[in-house]
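Some notes on the structure that comes next.
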Amino acid sequence: MTVRVRFAPSPTGYLHIGGARTALYNWLFAKAKGGTFILRIEDTDLERSKREYEALQIEDLKWLGITYDEGPDRPNPKYAPYRQMERLDIYARFAQELIDKDLAFYDFCTDEELEAMRTKAEAEGRDPHYEGKWRETKYRDEALARVKAGEKAAIRFRVPAKSYTLQDQVKGEVIYPVGMVGDFVIMRANGIPVYNYCCVVDDVTMDITHVIRGEDHLSNTVRQLMIYEALGKKPPVFAHVSLLIGSDRQKLSKRHGATSVHLYKDENYFPEALCNYLTLLGWSHPEEKDIFTKEEISSIFDTDRFSNHSAIYDLVKLKWVNGQHLRKFSNGELISMLKAMIPASHLFHSQTPEWMDKCVELLKQKVDFLSEMQPMMDQLIFGEGLELDDELRDILTWETTPKIIKFIGDELSKVSESFVTEAQLNVWSDFVKKDLGIKGKPLFMGLRAALTGRGHGPDLKFLIPLTPVSVIKKRISQLG
RNA sequence: GCUCCCAUCGUCUAGCCCGGUCUAGGACAUCGCCUUUUCACGGCGGUAACUGGGGUUCGAAUCCCCAUGGGAGUACCA
């Protein structure tokens, strides 16, 4: 049987970092098993669900490179539709089946009655389970008649008095004792199904074989197990992965910082880096590698290497991972990315391919983010101002420095080319050393100050051939 | 409250299922050194953990129990 897994987000906001990780795990698992990855939209929460969020989440998934084989915009006729609100007839059909078999019952209790039951039960130290009269068989005919007459009623699942066991791929054997949950609603009075029910109906009708999801669903799984049983269907294999939490060990939320995927896109993280980091948060590579693309692990990914405790989501390592990915890209790849993100009017675009290659080669050693490259270029290469910090001030006090500045200034006025070559730089350097008798630190730092107007920066032999002579002239004029 | 899940360096984790090879390995961060006559990148090294208590065993990070701590669920939310 072919593996079919799904990611089933609710379109109630942007794609969350935790959701992205779940999607990724499912995608990886599907790839590893040669299976199908499905996107299903769980939009039964009418209050919070919005169609634009669905589009936004899909956009984020695409950005991450998490592609799906089936989904709202890629339907397989056998399983469509993929939005729960478009599958209402399916849920109604299965619910009717459960009613017919007396495995579920109509409930006419009002919110007030339910609330009263709950408070009474709690006051008496009992679990707040449903205790309404409608679960009793003797009211069945009355209930059926009232529904037939057009009255609206919720449908509750009649919970069997037995315990259930789950063989979870991460948690192992999980035992749900008798009476853990009371009769729960599967269909609201307005005809819209409730999560634990429609999730099962969908997974059954979509032939889902494996469910990888957050462990916040672990307690709920017993309800789903009951429904599978009532429907006479075999449950899929479950793997409940631990949750992502904030630095205060609380559930990850907005106050922990950037928890939406789109923010990382905006901040120019590489999608591959985010995927890499997210994968690491709860899964470990069999060879303990920590830098990889999802394609690289898609053949070895499996559920047996999930960790079973929650992980603190922390940006520091993510930044490092991003830098590692940046350095793994070829210069050509980086250049085309830069071309797309740097404004067309920028000097970068008018440089030669050789210049761009050397520039990227130089800058990628200095930054963790692509977005840092242009500012760095503007400072180090095109910046005409000085950086008058303590280091530069110090260099300027040396008695040798003015001599170097004078010499370089004179030489520059003779240069007609746009750039100084490394060879020319060497000639100047040799002259300063031999004819001016300056060597060692005063030589190199003096040259640096004269040519760059700053006290530190990349190796001069790489930096200067990239810097327009006009820029160097402007800098040196401010020093002299 | 009740039910379930979890517990290794500051952080992510390996090891745990199949006890000895663990004076507990890797990565991030941090500190130091080397390289670079600067900065970064890179290299090398240091600091740093089996929550506590019982038990089983010749031997426990690994198995069992209890405690503590954390998390989740307990909705006509998902």
Side-chain angles (χ1 to χ4, degrees), chain A residues 8-12 42-49 84 107 109-111 114-115 118 122 125-129 152-156 166 168 170-172 174-177 179-182 184-196 198-199 213-223 240 242-243 245 247 249-251 277 280-291 304-305 307-321 323-324 327 362-368 376 380 391 395 439-445 448-449 452 454-460:
Chain A
S10 297
T12 55
E42 306 213 328
D43 54 356
T44 56
D45 184 344
L46 268 23
E47 306 275 297
R48 299 192 299 149
S49 297
Q84 290 187 325
D107 178 25
C109 288
T110 62
D111 287 349
L114 259 17
E115 185 54 38
R118 258 194 296 274
E122 270 170 44
R126 298 194 311 274
D127 286 337
H129 292 169
K152 300 289 183 208
I155 300 176
R156 273 182 195 272
L166 168 70
D168 190 86
V170 181
K171 303 296 180 188
V174 179
I175 296 166
Y176 303 97
M180 185 177 170
V181 298
F184 56 94
V185 170
I186 59 174
M187 292 285 272
R188 299 174 174 94
N190 64 5
I192 294 173
V194 172
Y195 168 74
N196 281 301
C198 49
C199 173
R213 57 172 23 163
E215 77 172 334
D216 47 340
H217 291 284
L218 189 59
S219 302
N220 276 145
T221 306
V222 65
R223 292 183 176 76
H240 286 94
S242 48
L243 269 19
I245 54 178
S247 50
R249 303 211 152 267
Q250 301 293 107
K251 191 172 176 178
Y277 176 67
L280 245 21
L281 243 34
W283 184 82
S284 60
H285 192 286
E287 291 162 34
E288 295 195 54
K289 288 184 183 162
D290 40 25
I291 298 298
D304 58 357
R305 294 198 66 83
S307 69
N308 46 12
H309 57 271
S310 39
I312 294 179
Y313 180 72
D314 158 48
L315 265 23
V316 179
K317 190 160 182 176
L318 171 58
K319 286 183 175 148
W320 174 79
V321 170
Q324 293 299 308
R327 275 164 222 119
L362 179 73
L363 294 180
K364 75 178 181 187
Q365 307 305 328
K366 310 267 309 172
V367 300
D368 281 336
M376 190 146 280
L380 295 178
E391 272 172 293
I395 297 167
K439 55 191 176 200
K441 205 169 177 180
L443 165 65
F444 289 93
M445 298 307 279
R448 174 174 299 285
T452 70
R454 33 181 63 225
H456 56 82
D459 201 333
L460 290 180

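Each chain gets a letter, A, B and so on, in the order its sequence line appears, and its residues count up from 1. Only heavy atoms go into these numbers, but all of them, side chains included; no hydrogens, no water, no symmetry mates. Treat the numbers as computed from the prediction; the structure is a model and nothing was measured.
- A/Asp168 places a side-chain N or O within donor-acceptor distance of the main-chain N or O of A/His240, the cut-off being under 3.5 Å.
- Of the two residues contacting RNA chain B, namely A/Arg327 and A/Arg156, the nearest-nucleotide position lying further toward the 5' end is that of A/Arg327.
- B/A60 and B/A40 have their P atoms separated by 47 Å, given to the nearest Å.
- Here the separation of B/C76 from B/G19, taken at their P atoms, is 46 Å to the nearest Å.
- Listed nucleotides B/G42, B/A27, B/G71 differ in distance to A/Leu243; the shortest reach to its side chain belongs to B/G71.
- Pair assignment for B/G52 gives B/C66, based on Watson-Crick or G-U wobble hydrogen-bonding distances that are each under 3.5 Å.
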- Task: List the steps and the verdict of side-chain contact (heavy atoms from CB on, under 4.5 Å) for A/Val194 and A/Arg188.
- Result: CA-CA 7 Å; A/Val194 172; A/Arg188 299 174 174 94; 3.9 Å; yes
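- Base-pair partner of B/A24: not found among the strands shown (Watson-Crick or G-U wobble, both distances under 3.5 Å).
- Distance CG (A/Asp459) to P (B/U36): 11 Å, rounded to an integer number of Å.
- Contact between A/Leu114 and A/Cys109 at its shortest, heavy atoms only, is CD1-CB, 3.5 Å.
- Residue A/Trp320 places its side chain closer to B/A27 than to any other of B/U74, B/A27, B/C2.
- Checking side-chain atoms of A/Ser10 against main-chain N and O of A/Glu42 turns up a donor-acceptor pair under 3.5 Å.
- Here, B/G53 and B/G45 have their P atoms 34 Å apart, quoted to the whole Å.
- In this structure, the NZ atom of A/Lys251 is 15 Å from the C1' atom of B/G70, given to the nearest Å.
- Nearest nucleotide to the A/Gln365 side chain, out of B/C4, B/U38, B/C41: B/C41.
- The side chain of A/Asp216 lies closest to B/A72 when the candidates are B/A72, B/C76, B/C41.
- Between the side chain of A/Lys171 and the backbone N or O of A/Asn308, at least one donor-acceptor pair lies under 3.5 Å.
- Under the Watson-Crick or G-U wobble criterion, with both distances below 3.5 Å, B/U37 has no partner in any strand shown.
- Under the Watson-Crick or G-U wobble criterion, with both distances below 3.5 Å, B/U3 is paired with B/A72.
- Residue A/Arg188 has its side chain nearest to B/C76 when only B/U37, B/A75, B/C76 are considered.
- What separates CZ of A/Arg448 from P of B/U38 is a distance of 9 Å, to the nearest Å.
- Comparing the P positions of B/G55 and B/A61 gives a spacing of 15 Å, expressed to the nearest Å.
- Between A/Arg223 and A/Thr44, the residue whose closest nucleotide on RNA chain B is further toward the 5' end is A/Arg223.
- Looking at heavy atoms from C-beta onward, A/Asn190 lies out of side-chain contact with A/Lys152 at the 4.5 angstrom threshold.
- Between A/His217 and B/A78, a base-stacking contact is recorded: ring centres under 5.5 Å apart, planes less than 30° from parallel.
- Here the nucleotide nearest the side chain of A/Lys171, chosen from B/C5, B/C76, B/G73, is B/C5.
- With both ends at atom P, the span from B/C18 to B/G32 equals 47 Å, rounded to whole Å.
- Atom CG of A/Leu218 is separated from atom C1' of B/G70 by 16 Å (rounded to the nearest Å).
- The backbone N or O of A/Pro458 sits less than 3.5 Å from a side-chain atom of A/Arg448, completing a donor-acceptor pair.
- The two residues A/Tyr176 and A/Leu218 make their nearest non-hydrogen contact at OH-O, 2.8 Å.
- B/C77 makes up no base pair with any nucleotide shown, lacking Watson-Crick or G-U wobble contacts both under 3.5 Å.
- Comparing the C1' positions of B/C64 and B/U57 gives a spacing of 12 Å, expressed to the nearest Å.
- In this structure, A/Arg454 atom CZ and B/A40 atom C1' are separated by 13 Å, rounded to whole Å.
- Distance alone, capped at 3.5 Å, places no donor-acceptor pair between the A/Arg118 side chain and the A/Pro128 backbone.
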- Query: In the 5'-to-3' direction, what one-character label does each nucleotide of nucleotides 10-17 of chain B receive under the scheme B = base within less than 4.0 Å of a protein heavy atom, S = sugar-phosphate only, - = no such atom?
  - Reply: -SBSSS--
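- Comparing B/C76, B/C41, B/U37 by their closest approach to the side chain of A/Asp111 singles out B/C76.
- The minimum heavy-atom distance between A/Thr44 and A/Cys198, with the atom names listed, is CG2-SG, 4.3 Å.
- Distance CG (A/Asp290) to C1' (B/C28): 9 Å, rounded to an integer number of Å.
- Summarising the geometry, the separation between CD on A/Glu215 and C1' on B/C6 is reported as 7 Å, rounded to the nearest angstrom.
- Taking the P atom of each, B/A29 and B/U51 are spaced 26 Å apart, rounded to whole Å.
- Pairing for B/G45 goes to B/C31, judged as Watson-Crick or G-U wobble with the two contacts each under 3.5 Å.
- In this structure, NZ of A/Lys289 is placed 15 Å from C1' of B/A27, rounded to the nearest angstrom.
- Counting only heavy atoms from C-beta on, A/Glu42 has its side chain closest to B/A78 among B/A78, B/C28, B/U3.
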